[in-house]
Participant: 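Have a look at this one before I ask anything.
Quick note: residue numbers are just sequence positions, from 1.
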Amino acid sequence: MVYDCHNIIINNNNNNKGGGADGEGEGPHRKQVLSMDSVAPSWVGSAFLFIKSDDVDLSSLFQNEKTQLKVYKALKIALADATGSGGGCEILKVYESTFGMQLKFTKEDRCLKFLHSYKNKALQQALQSHFEKLSIPMTTFSTELKAGTMKLDEFLDQEEICIRHIKENMPNHLRDDKISELEEDLKRLVLCNTSYSSIAAQHSVVPAETPSPMSPSCLSSSSSSPSQGNGSPLCLPNHFEFHDTLFEDHVLNHNDHCSFAKYVGRNWKQVGRSLQANCRGLRYSAIDNIAYEFEREGLYEQAYQMLLKFIQCEGKKAFMSRLIAALEENELIGIAEKLLNISND
């Protein structure tokens, strides 16, 4: 299987070199690049990942408005599994004619982890798993990884060559508008999970002691299920969605608290800042104060105290769904799965 990325790159370069009919030329674009460089990360690279399935037409699924967001979410979560938490990898564009995507790396260690996952077939297994959760068969498919016109599949045993070519092919355009729209849709989905928790509080729903998965189909088949304004089925107020599975929501308990502090590590601050948006107790300098006050005690205690602050301030509104949404927002999928007791076997 061979895909040609050359035209993609040449077209982008032609757009950037100027000399077009509009007369804007190189000057305005050069000025934009310089302004971006002032805040750009020190390590940037780009690669193209193409996926061809013998079971299903992925291009058609992505072009279909009903399945587009689910396909994108599966791609994004699989990448998060492959590169680890904390960002450093993003999708710039999804190509529909020959299904694939352009990836941008801003951290070399994330790029290395991606290469390891790709070489060891962990990324391919994650893609298969997340697509199958959407009832999309992916039993037989192939992938190809390229940096410009260089086929990286032939050099996976030589990391230095792969990294060099990925870094040499720095992206010369911003994220595609369609990807920006899908990212906003995902954010709204996360906020929707939080809103379910608010509805639960208003209706005095008795929280469950432990989250239990529930198939979305069992709710959508019910004629009495509530619906959103657009007519689409709405999750029950005491449930939230994670990886297309519904879980019973509940107020964070001691086990949740300790598990979070155990697994989150140095990422506790970014989770705290996500919770901060809807928790006054974590605003202003609260997170920095916790970091300073409990520096000697280490990361576990800092994470424990941050979540304790959240629980104390939010009381009966300190729902598991809000913590899961914050973890999802920061691509800490593995930690969310551990809190929900989801097996990766």
Participant: Would you give the length of the straight line joining atom CD1 of I51 to atom CG of L123, rounded to the nearest 0.5 angstrom?
Facilitator: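 Taking CD1 in I51 and CG in L123, the distance rounds to 7.5 Å.
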Participant: Once rounded to the nearest 0.5 Å, what's the spacing between atom CG of L79 and atom SG of C89?
Facilitator: 5.0 Å
Participant: Main chain of F240, side chain of D249: is a donor-acceptor contact present, judged purely on distance under 3.5 Å?
Facilitator: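 Pair absent, no side-chain N/O of D249 close to backbone of F240.
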Participant: Below 30° counts as parallel, above 60° as perpendicular, anything between as tilted: where do the rings of F48 and Y95 land?
Facilitator: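 Aromatic pair F48/Y95 classed tilted.
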Participant: Enumerate donor-acceptor pairs with a distance under 3.5 Å from any side-chain N or O in residues 293-304 to protein atoms, sequence neighbours excluded.
Facilitator:
| from | atom 1 | to | atom 2 | distance (Å) |
| --- | --- | --- | --- | --- |
| E301 | OE2 | Q305 | NE2 | 2.6 |
| Q302 | OE1 | W268 | NE1 | 3.4 |
| Q302 | NE2 | A291 | O | 2.8 |

Participant: Is any side-chain heavy atom of L182 closer than 4.5 Å to a side-chain heavy atom of F62?
Facilitator: yes
Participant: In Å, rounded to the nearest 0.5 Å, how long is the span from CG of L282 to CE of M306?
Facilitator: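 It comes to 6.5 Å.
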Participant: Using modelled atom types only, decide if a donor and an acceptor are shared between the side chain of R283 and the backbone of A277 within a distance under 3.5 Å.
Facilitator: yes
Participant: Quick check: closest heavy atoms across Y118 and L145, and the distance to 0.1 Å?
Facilitator: OH-N, 3.4 Å
Participant: Could you walk me through whether K262 and K338 pass the side chain to side chain contact (heavy atoms under 4.5 Å, CB included) test, one step at a time?
Facilitator: CA-CA 11 Å; K262 176 182 178 181; K338 288 177 181 177; over 6 Å; no
Participant: Taking the side chain from Q102 and the backbone from K93, do they hold a donor-acceptor pair closer than 3.5 Å?
Facilitator: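 Here the side-chain-to-backbone pair does not exist.
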Participant: Tell me, please, which residues at least two apart from F310 pass ring-ring contact (aromatic ring centres under 6.0 Å, His included).
Facilitator: none
Participant: Yes or no on side chain to side chain contact (heavy atoms under 4.5 Å, CB included) for I91 and Y72, after CA distance, side-chain angles and deciding distance?
Facilitator: CA-CA 9 Å; I91 301 173; Y72 180 74; 3.7 Å; yes
Participant: Say whether L308 and L339 are linked into one hydrophobic cluster, either directly or through other cluster members, by side-chain heavy-atom distances under 4.5 angstrom.
Facilitator: no
Participant: Would you say the side-chain atoms of R322 pair up with the backbone N or O of N278, donor to acceptor, closer than 3.5 Å?
Facilitator: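 Yes; at least one donor-acceptor contact below 3.5 Å.
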Participant: If I compare all heavy atoms of I333 with all of A80, which pair ends up nearest, and what's the gap?
Facilitator: CG1-CB, 4.3 Å
Participant: Show the nearest heavy-atom pair for residues T67 and L61, with the distance to one decimal.
Facilitator: OG1-O, 2.5 Å
Participant: State plainly whether the residues K76 and E183 are in salt-bridge range, i.e. N to O under 4.0 Å.
Facilitator: yes
Participant: Would you name the heavy atoms of I166 and C111 that are closest together and state the gap between them?
Facilitator: CD1-SG, 3.7 Å
Participant: Tell me, please, which residues at least two apart from N64 pass side chain to side chain donor-acceptor pair (under 3.5 Å).
Facilitator: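 In terms of side chain to side chain donor-acceptor pair (under 3.5 Å), with neighbours along the sequence ignored, N64 is linked to no residue.
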Participant: Do the side chain of S129 and the main chain of Q125 share a donor and acceptor less than 3.5 angstrom apart?
Facilitator: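 The answer is no, because no donor-acceptor pair under 3.5 Å joins these two groups.
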Participant: Looking at every heavy atom in both I287 and R273, which two are closest together, and how far apart are they?
Facilitator: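 Answer, listing the atom of I287 first, then R273: CD1-N, 3.5 Å.
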Participant: So, does N330 use its side chain to make a donor-acceptor pair with the main chain of L332 at under 3.5 Å?
Facilitator: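 The answer is no, because no donor-acceptor pair under 3.5 Å joins these two groups.
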Participant: Just do the salt bridge (Lys or Arg N to Asp or Glu O under 4.0 Å) check on R164 and E160 with the steps written out, would you?
Facilitator: CA-CA 6 Å; R164 186 177 77 246; E160 299 81 3; over 6 Å; no
Participant: Could you grab the distance from atom OG1 of T83 to atom CG of L112, nearest 0.5 Å is fine?
Facilitator: 12.0 Å
Participant: So do the side chains of F319 and V251 get within less than 4.5 Å of each other, counting heavy atoms only?
Facilitator: yes
Participant: Compare every heavy atom of A147 with every heavy atom of S46, then report the nearest pair and how far apart it is.
Facilitator: O-CB, 4.1 Å
Participant: To the nearest 0.5 Å, tell me how far I179 CD1 sits from L174 CG.
Facilitator: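 Spacing of CD1 (I179) from CG (L174) equals 13.5 Å.
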Participant: Assigning hydrophobic clusters by single linkage (Ile, Leu, Val, Met, Phe, Trp, Tyr; side-chain heavy-atom cutoff under 4.5 Å), is L92 placed with F114?
Facilitator: no
